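Predicted model only: the values in this text are computed from it and were never measured.
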Amino acid sequence: MAEIKVITIGRHYCAGGSTIGKLVAEKLGIPCYDREIIDMAAQKSGIAMSEIQKYEEAALSILKTPINLFSKEKEYPITEKIFAAETEVIMELVSNGNCVIVGRCADFILKNKVKTLNVFINASFEKRQECAIEKHNISEDEVEARLKKYDKKRADYYNSNTNKKWGDISSYDMCLDSGKLGYEMCAEIIADTVKLSREK
C-alpha cells in the first residue's frame, strides 16, 4: 500500500466529522483544514466572506473546464468561482505537505493527484439529534428540520460536483459510525491506517 498523504473527511451534519478530523491531525502531527479554506478562498477570489458562506454548499454544476479566477473574458456564476477558488486552495494546501481536509469535495478534487484516504463519518439520526441539541444548542423543535436541511445541502453540493453519491459507501475508502464508535476511536482507526501505509 502506498503511503497515504492526505485524509479527506466527508460527514453527516452533527456526526462529528470536523472534530474527528482535528483529532486525526493531532495524532499524525499534521494540519487539519476545514473552515479555514473559506478564508483562503475569499482572499484568493476577492469574493466577500459572507457571499462564500452563503453559496458555499449550494448545488453547483460540475466544472467541465478549469476557471481562471482573474480572467476578464468571461463572467462565471459566483458558485463556480467559489468552487474554483476552493479547489485552488486545496491544491496549494496539499502541495505544502500531508494534511487532513474536511468536506468541500476534496476526495474528488484530489483524485489521481495524490494518495488519499477518503473517509465518511456518519451516525444515526437520533445520535445526531442529540449532538445538535447538546453541543450546538439547536432547539428540539428545530433539530429535525436543521439536520435534514444541511444533509441535503451537502448532498446536493457533492453529487452535482462529483457525479458520485454523497454518503454512498462505494464513494469512500472507509465509512465509520461515530455514534457507535465514538470520536476518539474513529480518529484512532483513521490515524492507524495512515501509519500502516507508511511502513515499508
Side-chain angles (χ1 to χ4, degrees), residues 3-44 49 52-53 56-57 82 85-111 113-125 127-138 143 146-147 150-151 153-155 157-158 166-167 171-198:
E3 181 182 347
I4 294 165
K5 303 290 187 182
V6 180
I7 302 96
T8 72
I9 297 184
R11 70 281 187 235
H12 276 136
Y13 183 61
C14 286
S18 295
T19 301
I20 291 167
K22 290 173 185 175
L23 288 171
V24 171
E26 289 173 7
K27 292 176 184 298
L28 295 174
I30 59 177
C32 175
Y33 302 105
D34 187 356
R35 304 296 292 179
E36 299 88 347
I37 294 173
I38 301 176
D39 295 318
M40 297 175 194
Q43 293 174 15
K44 184 171 290 295
M49 176 73 76
I52 290 187
Q53 290 174 329
E56 189 202 26
E57 289 188 332
I82 291 166
E86 291 191 348
T87 296
E88 197 169 331
V89 166
I90 287 170
M91 294 304 299
E92 288 180 3
L93 293 174
V94 169
S95 71
N96 292 333
N98 296 7
C99 59
V100 178
I101 299 179
V102 179
R104 291 165 189 86
C105 299
D107 59 325
F108 173 76
I109 291 167
L110 298 174
K111 185 179 180 181
K113 294 182 175 67
V114 64
K115 180 63 177 177
T116 58
L117 177 67
N118 301 318
V119 180
F120 191 84
I121 303 296
N122 66 287
S124 70
F125 202 78
K127 284 287 186 181
R128 294 192 293 130
Q129 283 182 308
E130 290 175 14
C131 175
I133 293 168
E134 294 173 9
K135 296 183 179 180
H136 299 284
N137 298 316
I138 299 172
V143 66
R146 181 79 67 90
L147 290 179
Y150 278 92
D151 280 350
K153 287 177 70 175
R154 289 180 180 179
Y157 174 78
Y158 185 88
W166 181 76
S171 294
Y172 306 92
D173 302 312
M174 181 185 294
C175 295
L176 299 172
D177 187 329
S178 62
K180 293 180 179 178
L181 299 174
Y183 294 0
E184 181 66 30
M185 185 176 290
C186 286
E188 196 72 45
I189 291 168
I190 296 166
D192 285 349
T193 301
V194 175
K195 290 173 184 176
L196 282 171
S197 78
R198 296 173 177 173

Taking the side chain as every heavy atom from C-beta outward, state whether [X] and [Y] have any atom pair closer than 4.5 Å.
{"X": "I7", "Y": "I190", "answer": "yes"}
{"X": "E92", "Y": "M40", "answer": "no"}
{"X": "K113", "Y": "M91", "answer": "yes"}
{"X": "T87", "Y": "R104", "answer": "no"}
{"X": "C32", "Y": "V24", "answer": "no"}
{"X": "V194", "Y": "R198", "answer": "yes"}

For E184, enumerate each residue passing the side chain to side chain contact (heavy atoms under 4.5 Å, CB included) test, keeping only those at least two apart in sequence or located in another chain.
L23, K27, E188
For K127, enumerate each residue passing the side chain to side chain contact (heavy atoms under 4.5 Å, CB included) test, keeping only those at least two apart in sequence or located in another chain.
A123, S124, E130
Please find the pair of heavy atoms, one from C14 and one from R128, that lie closest to each other, and give the distance.
O-CG, 3.5 Å
Write down the atom of G21, the atom of V102, and the distance for their closest heavy-atom approach.
CA-CG2, 4.5 Å
Among [options], which residue satisfies the side-chain contact (heavy atoms from CB on, under 4.5 Å) criterion with [X]?
{"X": "Y33", "options": "I90, V89, L93, V100", "result": "L93"}
{"X": "V94", "options": "I101, I109, T116", "result": "I101"}
{"X": "D173", "options": "I4, N118, T193", "result": "N118"}

Partners meeting salt bridge (Lys or Arg N to Asp or Glu O under 4.0 Å) with K5 (sequence neighbours left out):
E3
Just to verify, what does E36 make a salt bridge (Lys or Arg N to Asp or Glu O under 4.0 Å) with, not counting sequence neighbours?
none
Are K153 and Y13 close enough, and set up right, to give a side-chain contact (heavy atoms from CB on, under 4.5 Å), and what steps lead you there?
CA-CA 10 Å; K153 287 177 70 175; Y13 183 61; over 6 Å; no
Would you compute the distance between atom CE of M185 and atom CD1 of I20 and round it to the nearest 0.5 angstrom?
11.5 Å
For residues 175-182, tabulate all N or O donor-acceptor pairs below 3.5 Å that involve a side-chain atom, not counting sequence neighbours.
| unit_1 | atom_1 | unit_2 | atom_2 | d |
| --- | --- | --- | --- | --- |
| D177 | OD1 | G179 | N | 2.9 |
| D177 | OD1 | K180 | N | 3.2 |
| S178 | OG | A15 | O | 2.5 |
| S178 | OG | N122 | O | 3.4 |

Sequence neighbours excluded, the answer for ring-ring contact (aromatic ring centres under 6.0 Å, His included) partners of F120 is H12, W166, Y172
Donor-acceptor pair, side chain of R11 and main chain of G16, under 3.5 angstrom
no
